[in-house]
K.L.:
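I'd like to ask you about the structure that follows.
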Amino acid sequence: MRWSQTLIPTMKETPEGAEIPSHVLMLRAGLISQLMAGAYTYMPLGLRALKKAERIVREEMDAAGAVELLMPALTPISLWEQTGRVQAFGDVLIQFAVRRQNRKVQMALGPTHEEVITDLVARHVSSYRQLPLTLYQIQTKFRNEERPRFGVLRTSEFLMKDAYSFDTSVEALGRSYEKMYAAYCRIFDRCGLAYLPVEAESGPIGGDASHEFMIPAENGEDTVVHCKACGYAANLERAEIGARAPSTVDVELKPVQKVPTPGAGTIAQVCNFLGCKPDQMIKTLIYLADGKPVAVLIRGDHEANENKIRRAAGAGSIQLAEPGVIQRVTGAPVGFAGPVGLKEKLPVLADYDIQFVRNGITGANEADAHLTGVSPTRDFQVEKYADLRSAQDQDPCPRCSAKLSMRHAIEAGHVFKLGTKYSEALGAKFLDAQEQLRPIIMGCYGIGINRIIASLVETNNDAGGILWPVALAPYEVLVVPMKASDEATMKTAERLHDELSAAGVDVLMDDRDQRPGVKFKDADLIGIPLRVVVGERGLKQGQLEVKWRWDAELQMIDAATAVTTIADWIRQERAGGQRFKNRISSACHPTTTLSNKGVES
RNA sequence: CGGGAUGUAGGGUAGCGGCUGACCCACGUGCCCUGGGAGCACGGAGACGCAGGUUCGAGUCCUGCCAUCCCGACCA
């Protein structure tokens with residue numbers, strides 16, 4: 001392809017509004033163009049990268065035995081009503097009615113396709129002999145995001161690979177799941193992404209039923225907890241915390257005292273008022289566990305983790321109580337609850353760290369007052385101690401004794417054991433060998449194709465622009481004739497371009513009559529892995545100057561054999577991307593140098 | 001959905017209530033140049049987001065709306 005014949009609108013300046021590297025660079029390199037908030041056009045260069053990612057995903061899905069199909073983006077609303085997900089999705093589901101003759105048809109744009117695929121399988125699969133089966137598609141998904149942001153990382157319309165497995169038993173589901181898990185590792189590895197599979201919050205099946213594939217990145221929206229010593233990795237909702245160390249056990253217990261704290265209803269305000277530190281505070285949260293109030297005690301410097309609380313309370317759902325309920329059970333307005341002298345008798349759950357609090361400070365269960373000198377056991381009783389808070393940096397690892405570290409990450413993939421939720425709701429049943437009718441056991445597996453591209457750019461760039469691995473690069477080789485007006489130069493460049501194309505290499509030739517500075521800057525910006533400069537300098541000696549985008553130094557190669565040399569290199573890079581991986585860790589952001597082998601299972 | 005900000009040419013910006021709205025980049029034409037975003041000259045492109053209002057006079061002040069961005073909440 002010739003630069004002059006395609007559309008690559010590069011920008012010297014950063015458009016207003018773009019802040020994170022991937023957004024800035026994708027815009028500046030002419031990969032994407034914004035149509036509205038959360039909707040981007042993929043320009044020719046961006047589309048090529050997207051297609052490469054799509055192809056890798058497709059190849060690995062096929063290799064793992066999954067079978068591709070394509071479902072409509074348009075779905076009947078009735079399907080979503082049957083699984084109760086009209087409410088579950090709420091405004092995220094884009095739905096509308098269209099007129100057909102004299103009636104109205106309610107439909108929704110698919111935000112995901114569990115309902116559609118389950119309905120499909122229910123229609124066509126009825127015997128254990130047809131299972132196991134894993135189906136996938138690569139399709140545009142629609143979600144009315146409350147707040148699209150970060151360029152292409154969070155949009156209302158995005159390309160997703162979604163796969164669904166159908167099995168006859170939980171054990172068989174485990175095998176399907178492992179295949180997908182392994183395929184995901186290969187996909188992210190081939191894309192040259194430093195990824196981290198983390199344990200994620202799982203649904204009804206429990207255990208290791210869900211993993212997210214995270215790309216550590218400063219601007220990621222998710223937080224993962226990672227133990228560098230043993231490899232334990234989990235997302236923040238899920239991460240367990242190892243044994244807590246008692247810090248202040250041998251302290252003389254002081255008497256409980258009521259102190260006035262007018263208007264101080266938050267941890268920060270109370271600390272400010274009383275001159276104490278958050279870790280002396282006992283935060284008392286009133287939750288409704290399946291509708292019944294429970295008190296939850298968390299140290300002031302910790303964050304409550306609702307999933308952990310829900311599990312500890314043995315409840316199906318949990319939510320913070322309304323102010324009215326809080327007033328009723330504590331006798332005080334929001335902000336002054338405490339475990340001592342609650343108005344109503346209710347179960348008290350406490351995080352493990354609470355047991356080590358001595359002379360703590362907590363709400364007095366009356367407006368504008370707190371209690372000091374409060375200690376567990378002596379002053380209040382706890383029904384159950386449990387792990388109820390979210391992990392923090394430096395917390396002990398649950399698997400080994402090392403310290404956990406926290407890092408931001410982009411969720412690029414998710415594998416999930418669904419069980420029978422959808423098959424039961426939509427009647428996807430099969431007859432087993434004993435002639436018993438049973439619901440099919442499902443798993444679902446998603447990958448955000450756009451996020452592969454965005455997170456690659458986000459984590460692989462330098463001051464000049466993007467650093468693509470060959471596997472995802474829009475073009476593999478960029479031929480740069482130094483002087484477009486020079487006939488000999490152009491002839492060599494054209495020949496190189498044509499022969500490389502013929503050899504199956506994706507070549508872009510910058511045939512614009514621009515000064516060298518412009519071409520070099522653009523070359524760095526769009527980040528094509530191998531740059532071949534055709535200039536007078538080398539031409540005289542029968543040499544071409546080549547440079548990997550991630551290398552500082554350039555090398556000269558023989559012009560006569562250049563095509564085979566380059567084609568060989570590109571083939572090697574496609575296979576493993578070894579040059580890219582070797583160099584990238586030192587050339588790029590230090591935050592992305594995490595190893596690729598965080599795989600545990 | 002709460003909080004904050006911004007809207008001036010394709011991009012980036014300046015613009016004090018007062019004449020025909022300024023600059024840089026990009027774009028077009030010509031000259032010149034061709035190894036890291038050159039130079040000169042000429043030129044095209046804007047009813048200053050939209051609608052009201054205040055004023056003798058509004059890009060500038062006020063109100064509403066719309067749009068975009070950021071922080072937070074939400075995110076099977």
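So that the names make sense, note that chain A is the first sequence line, chain B the second, and so on, each numbered from 1.
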K.L.:
I'd like the C1' distance from B:C40 over to B:G36, given in whole Å.
P.N.:
22 Å
K.L.:
Reading RNA chain B from 5' onward, which residue's closest nucleotide shows up sooner: A:Y40 or A:E146?
P.N.:
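The residue whose closest nucleotide sits nearer the 5' end is A:Y40.
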K.L.:
Taking the same atom, P, in B:A14 and in B:G7, what whole-Å distance lies between them?
P.N.:
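Per the computed distance, 8 Å lies between those P atoms.
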K.L.:
Using a 4.0 Å heavy-atom cut-off, does A:T14 contact any base of the nucleic acid, only the sugar-phosphate backbone, or nothing at all?
P.N.:
sugar-phosphate
K.L.:
How are the rings of A:Y177 and A:Y445 set to each other: parallel, tilted or perpendicular (split at 30° and 60°)?
P.N.:
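If you compare the ring of A:Y177 with that of A:Y445, the planes turn out tilted.
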K.L.:
Without decimals, in angstroms, what is the distance between A:E145 CD and B:U68 C1'?
P.N.:
17 Å
K.L.:
Distance check, C1' atoms only: B:C70 and B:U29, in whole angstrom units.
P.N.:
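Between the two C1' atoms, the distance is 43 Å.
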K.L.:
Give the rounded distance in Å between these two atoms: NE2 of A:H23 and P of B:U68.
P.N.:
12 Å
K.L.:
Considering residues at least two apart in sequence or located in another chain, which fulfil the ring-ring contact (aromatic ring centres under 6.0 Å, His included) criterion with A:H302?
P.N.:
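By the ring-ring contact (aromatic ring centres under 6.0 Å, His included) rule, A:H302 matches no residue at all.
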K.L.:
Within the 4.0 Å heavy-atom criterion, would you say A:Y422 contacts the bases, only the backbone, or no part of the nucleic acid?
P.N.:
nothing
K.L.:
For A:M160 and for A:M36, find the nucleotide of RNA chain B with the closest heavy atom, then tell me which residue's nucleotide is more 5'.
P.N.:
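First, find each residue's nearest nucleotide; the 5'-ward one identifies A:M36.
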K.L.:
For nucleotides 3-6 of chain B, which of its nitrogen or oxygen atoms have a protein nitrogen or oxygen under 3.5 Å away, and what is each distance?
P.N.:
from, atom 1, to, atom 2, distance (Å)
B:U6, O2', A:E16, OE2, 3.4

K.L.:
Would you measure the distance from the C1' atom in B:C48 across to the matching atom in B:C74 and give it in whole Å?
P.N.:
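Per the computed distance, 37 Å lies between those C1' atoms.
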K.L.:
Using whole Å, what does the distance between atom P of nucleotide B:A73 and atom CG of A:D222 come to?
P.N.:
12 Å
K.L.:
May I have the distance from A:Y164 (atom OH) to B:A76 (atom C1'), rounded to whole angstrom?
P.N.:
10 Å
K.L.:
Which whole-number value in Å describes the distance from A:E221 CD to B:G72 P?
P.N.:
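Nearest whole value for this atom pair: 9 Å.
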K.L.:
Return the set of residues passing side chain to side chain contact (heavy atoms under 4.5 Å, CB included) with A:A523 (not counting sequence neighbours), or none when no residue passes.
P.N.:
A:L478, A:R531
K.L.:
Mind listing the N/O atom pairs, protein and nucleotides 29-31 of chain B, below 3.5 Å?
P.N.:
none

K.L.:
With rounding to the closest Å, how many angstrom separate the C1' atoms on B:A41 and B:C33?
P.N.:
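The same atom, C1', in both gives a distance of 15 Å.
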K.L.:
Using 30° and 60° as the class boundaries, would you call the ring planes of A:F188 and A:Y195 parallel, tilted or perpendicular?
P.N.:
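Rings of A:F188 and A:Y195: tilted, as their planes differ by 30° to 60°.
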K.L.:
If the P atom of B:C62 is compared with that of B:A26, how far apart are they to the nearest Å?
P.N.:
37 Å
K.L.:
P atom, B:G44 versus B:A58: distance in rounded Å?
P.N.:
28 Å
K.L.:
Would you classify A:E19 as touching base, sugar-phosphate or nothing, given that sugar-phosphate means primed atoms plus P, OP1 and OP2, and contacts are heavy atoms under 4.0 Å?
P.N.:
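Answer is sugar-phosphate: A:E19 comes under 4.0 Å of backbone atoms only.
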K.L.:
Figure out the NE2/C1' separation between A:H414 and B:A76, and round it to whole Å.
P.N.:
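About 9 Å, once rounded to whole Å.
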K.L.:
Which dot-bracket notation, 5' to 3', represents the base pairing of RNA chain B when pairs are defined as Watson-Crick or G-U with both distances under 3.5 Å, crossing pairs as [ ], and inter-strand pairs as |?
P.N.:
(((((((..((((....[...)))).(((((.......))))).....(((((..]....))))))))))))....
K.L.:
Using whole Å, report how far CZ of A:R149 lies from P of B:C74.
P.N.:
11 Å
K.L.:
Is the A:W548 ring parallel, tilted or perpendicular to the A:W550 ring (thresholds 30°, 60°)?
P.N.:
parallel
K.L.:
Measure the distance from CD on A:E13 to C1' on B:C27 and round it to the nearest whole Å.
P.N.:
15 Å
K.L.:
Quick one: does A:M71's side chain get under 4.5 Å of A:I117's, heavy atoms only?
P.N.:
yes
K.L.:
Answer with base, sugar-phosphate or nothing: what part of the nucleic acid does A:A37 contact at a heavy-atom distance below 4.0 Å?
P.N.:
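Answer is sugar-phosphate: A:A37 comes under 4.0 Å of backbone atoms only.
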K.L.:
For the residue pair A:E306 and A:Y287, confirm or rule out a side-chain donor-acceptor distance under 3.5 Å.
P.N.:
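Present: a donor and an acceptor within the cut-off.
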K.L.:
For A:Y164, which residues count as a ring-ring contact (aromatic ring centres under 6.0 Å, His included) partner, sequence neighbours excluded?
P.N.:
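Partners of A:Y164 by the ring-ring contact (aromatic ring centres under 6.0 Å, His included) criterion come out as none, since no residue qualifies.
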K.L.:
So, using ring-ring contact (aromatic ring centres under 6.0 Å, His included) as the criterion, who are the partners of A:Y184 when residues are at least two apart?
P.N.:
A:F213
K.L.:
Does A:D558 have any salt bridge (charged side-chain N to carboxylate O under 4.0 Å, His left out) partners at least two apart in sequence or in another chain, and if so, which?
P.N.:
none
K.L.:
Give me the distance, rounded to whole Å, that separates B:A22 from B:U60 when you measure between the C1' atoms they each carry.
P.N.:
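These two C1' atoms come out 15 Å apart once rounded.
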K.L.:
List in chain and number order the residues that pass side chain to side chain contact (heavy atoms under 4.5 Å, CB included) with A:R2, two or more places apart in sequence or in another chain; answer none if no residue qualifies.
P.N.:
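For A:R2, the residues satisfying side chain to side chain contact (heavy atoms under 4.5 Å, CB included) (neighbours in sequence not counted) are A:S4, A:Q5, A:E494, A:H497, A:D498, A:M509, A:D511.
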K.L.:
Run the salt-bridge test on A:R389 and A:E303 with the 4.0 Å N-O cut-off and return the result as yes or no.
P.N.:
no
K.L.:
So, is A:R147 near the phosphate of B:C71, with a side-chain N or O under 4.0 Å from OP1 or OP2?
P.N.:
yes
K.L.:
Go through the steps for A:L50 and A:I449 under the test side chain to side chain contact (heavy atoms under 4.5 Å, CB included), then give the verdict.
P.N.:
CA-CA 7 Å; A:L50 197 68; A:I449 308 285; 3.8 Å; yes
K.L.:
By the salt bridge (charged side-chain N to carboxylate O under 4.0 Å, His left out) test, which pairs, at least two apart or in different chains, include something from residues 76-91 of chain A?
P.N.:
A:R85-A:E114, A:R85-A:E115
K.L.:
Starting at the 5' end of nucleotides 35-45 of chain B, put B wherever the base has a protein heavy atom under 4.0 Å, S where only the sugar-phosphate does, and a dash everywhere else.
P.N.:
BBBB-------
K.L.:
Do NZ/NE/NH1/NH2 and the carboxylate oxygens of A:D119 and A:R123 come within less than 4.0 Å?
P.N.:
yes
K.L.:
What residues form a side chain to side chain contact (heavy atoms under 4.5 Å, CB included) with A:A29, not counting sequence neighbours?
P.N.:
A:L31, A:I466, A:L525, A:I526
